[in-house]
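Below is one structure; the comments refer to it alone.
If you're wondering where the values come from, they're calculated on a predicted model, not measured in any experiment.
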Amino acid sequence: MTQKTVKNKGTKHNLSMRLNILFLSVFIAFAGLIVRLGHVQIVDGEHYRNAVNANKSQSARIDSARGKIFDTNGVTLADNKAELAIVYIRNAGISASKSVKIAQKLAQYITLDNKAIKRVSNRDKKEYYILTKFKKLSGAYDKYLSASEQRKYAKSPNKAYKVLLSRIPDSVLTGYSANDVQVMAIQHELNQASNLSPYIIKRGLNVHDKEYINVVDHLNDFDGTIQTANVSSRTYIKNKPFYVGKMGPIPEDKINGYLAQGYSRNTEVGISYVEDQYESYLRGVPMTLTYETNKGLPVGNPTIKSGTRGDDLQLTIDIRLQKKLDQVLEQNILSARSMAGNGQNNSAYAVMMNPKTGAILAIGGKKYVNGKFVDVASDAITSQFEMGSAVKGATELIGFQHHAVPEHFYDMTIDYPGGLGSFSSWEPGGLGAQTPETALQFSSNVFMASIVSKMAGISLLPAGGHYSAKFPTVNDPRFIRAFNNLRNGYSQFGMGVKTGIDLPTEGTGFNGGMPDNPGLIHQFAIGQFDTYTPLEMVQYISTIANGGYRIQPHLLESVHAPGSDSNTLGKMVYSLEPKVLNTIPNNKHDLARVQHGLYLVTHGARGTGGVFYSQGQKYKVAAKTGTAQIDRHNLNLYNETLVSYAPYDNPQVAISVVVPRVEIGHQNQQIALEMYKEYDRLYHYTSPGN
């Protein structure tokens, strides 16, 4: 008995301890839960409230009007035409059968045009047939697929659906009424929409249109899937310059990127030039439509938060200069074509730029086709031409960099060995004694040849009224180095490389590689080997005009928030600063000598810029003319070119000109002279005190 009593006391004691431990554990667990609950409510409460609220609503966005585009003086180049639109907002809960019911209902109130009807495909007709002829999709499968086929595709519904569509014969797709066709056209548009990405079904409406009024009166019938919205269409100035760009559907190769930014599939975006380049500024802030949700799906009409119009762009372009340039190009093409031998000429190009800032003032290109002029100004930045002697200013400066420019050199024909021909300047018998300055004034080919000959190790030995050339091989390291130095030197000025203009695309000319004949380095030195664009040429001459720095051309001047007056610029939000791409490694003395040579072209007796010498002394133009032979079978056919700037002592404007395929005339100089006159008329740089 005693032993049992002792044992029972021990058991009771152990039980008491276990109960105490259990109670303590429960207390600690509850304390932990209370602390955690407090953390969730106090610390994380805001996060979870936001998450709950997010699950109670979903948002869609409709693009606002784009920003406008102005020229440097505030003239509107691109504007917006306000209009109303019918918009579809799809959500994940809308099945194909529900979608066709929406289309049927909407067809009672609006009518789509023939363009929309033409977009209806054979697949659209088959889907319409399935959705309207069968109460359930299973009925269509039962009719067109066997039981074994349905089992086969049970786990591949997409494949099953493709097979179903392929089985529907065209014979059942006939006899549709005009209303059926409208429903199919609307259904086609509905199918293009992404979830909660507003898709415009019809635009161009106003508040007085019966279609608009009918839709507004029945918005509640669509459970938020159909809305009306204020949208706009892009309008442009008459004869819009190409660089303004245009609007269009999102390109297929960019669709994913735009969708990720919240664009709708049928949103029109900038697809070229400035409209494309500055899309992010022009787009603006979309209008937001917020829907309450039920079981994760939007229901009812949304709460609408207004958006804001996109920012406005002010360009460097002076539309007055642009219009005048277009006119001058057309006049000079007709003038050139009126001269005997110029029947192959049908185009001309020019670019105007501020040589100190890189601001593009005008870009022109005209082509005469079938008795009418076509604007081809984009070719001035994308198409390349042999430029001829217009490059000689750069040739001399490259020569100075390599200590290869002679103080004096006698211009006479260079005979090549082995019957390979000869090389000479334009004057029969040669131009006589030349300096770096006069070699530009008279456009001496032989002087340029002397520069690159020294660079390449080519000997030019006087031999009784001519030079006898002794060439290294084209594989000689010194020759290869000289050829590369010449090409790299031209690139310092912007020739043969991208200028950096703020447009999505530009050309770089054509790189002729390494020659198979060492004499071709002489052709290279006078602009008849590689090819360049007119834009590259204006950057090149600007580098000389401004004292040796290659400035990046640009069309954008500034970005402005929408103003209170829609016709004027608002507060500036961004201003594009001039950007120096590189500086040429020439000293001021050598640069001044070349600048003086370019001045002599237009101000010296017998200089090649004779039109300026006789008609344009007032405008203080420095220039280099060029004539590039372009047909070995007709050496009289050439590209007529010019690079120039003014005023010589304080450059404000640079102009490059290319007139392809002529045999006679000076249209290159006439075009530039007319534009200097116009620039001076507008900006008065020749006035006393300027």
Would you say the rings of Tyr540 and Tyr532 are close, in the sense that their centroids are separated by under 6.0 Å?
no
Value rounded to 0.5 Å, distance of [atom1] in [X] from [atom2] in [Y]:
| X | Y | atom1 | atom2 | result |
| --- | --- | --- | --- | --- |
| Leu313 | Glu275 | CG | CD | 8.0 Å |
| Leu581 | Gln539 | CG | CD | 6.0 Å |
| Leu321 | Ile363 | CG | CD1 | 12.5 Å |

Under 3.5 Å, is there a donor-acceptor pair between the side chain of [X] and the main chain of [Y]?
| X | Y | answer |
| --- | --- | --- |
| Lys240 | Gly245 | yes |
| Asn668 | Val658 | no |
| Ser656 | Pro534 | yes |
| Asn220 | Phe222 | no |

Hey, is [X] close enough to [Y] for a salt bridge, meaning N to O under 4.0 Å?
| X | Y | value |
| --- | --- | --- |
| Lys366 | Glu330 | yes |
| Arg119 | Glu189 | yes |
| Lys115 | Asp113 | no |
| Glu268 | Arg234 | no |

What do you reckon, is NE2 of His560 surrounded by more than 12 foreign heavy atoms closer than 6.0 Å?
yes
Between Ile89, Thr303, Val87, which is the residue that forms a side-chain contact (heavy atoms from CB on, under 4.5 Å) with Leu289?
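Testing Leu289 for a side-chain contact (heavy atoms from CB on, under 4.5 Å) against Ile89, Thr303, Val87 leaves exactly one candidate, Ile89.
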Listed once per pair and sorted, the ring pair (Phe, Tyr, Trp, His ring centres under 6.0 Å) pairs that draw on residues 247-293, sequence neighbours left out:
Phe242-Tyr273, Tyr258-Tyr263
With Ala390, which residues qualify under side-chain contact (heavy atoms from CB on, under 4.5 Å), at least two apart?
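side-chain contact (heavy atoms from CB on, under 4.5 Å) check on Ala390 returns Met537, Thr641, Val643.
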Is it the case that Gln58 and Thr293 place a side-chain donor and acceptor less than 3.5 Å from each other?
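No, Thr293 and Gln58 have no side-chain donor paired with an acceptor closer than 3.5 Å.
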Going by atom types only, do Tyr128 and Asp180 share a side-chain donor-acceptor pair under 3.5 Å?
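Side-chain D/A pair, Tyr128 to Asp180: present.
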Is Tyr676 close to Ser644 at the side-chain level, that is, under 4.5 Å between some pair of heavy atoms?
yes
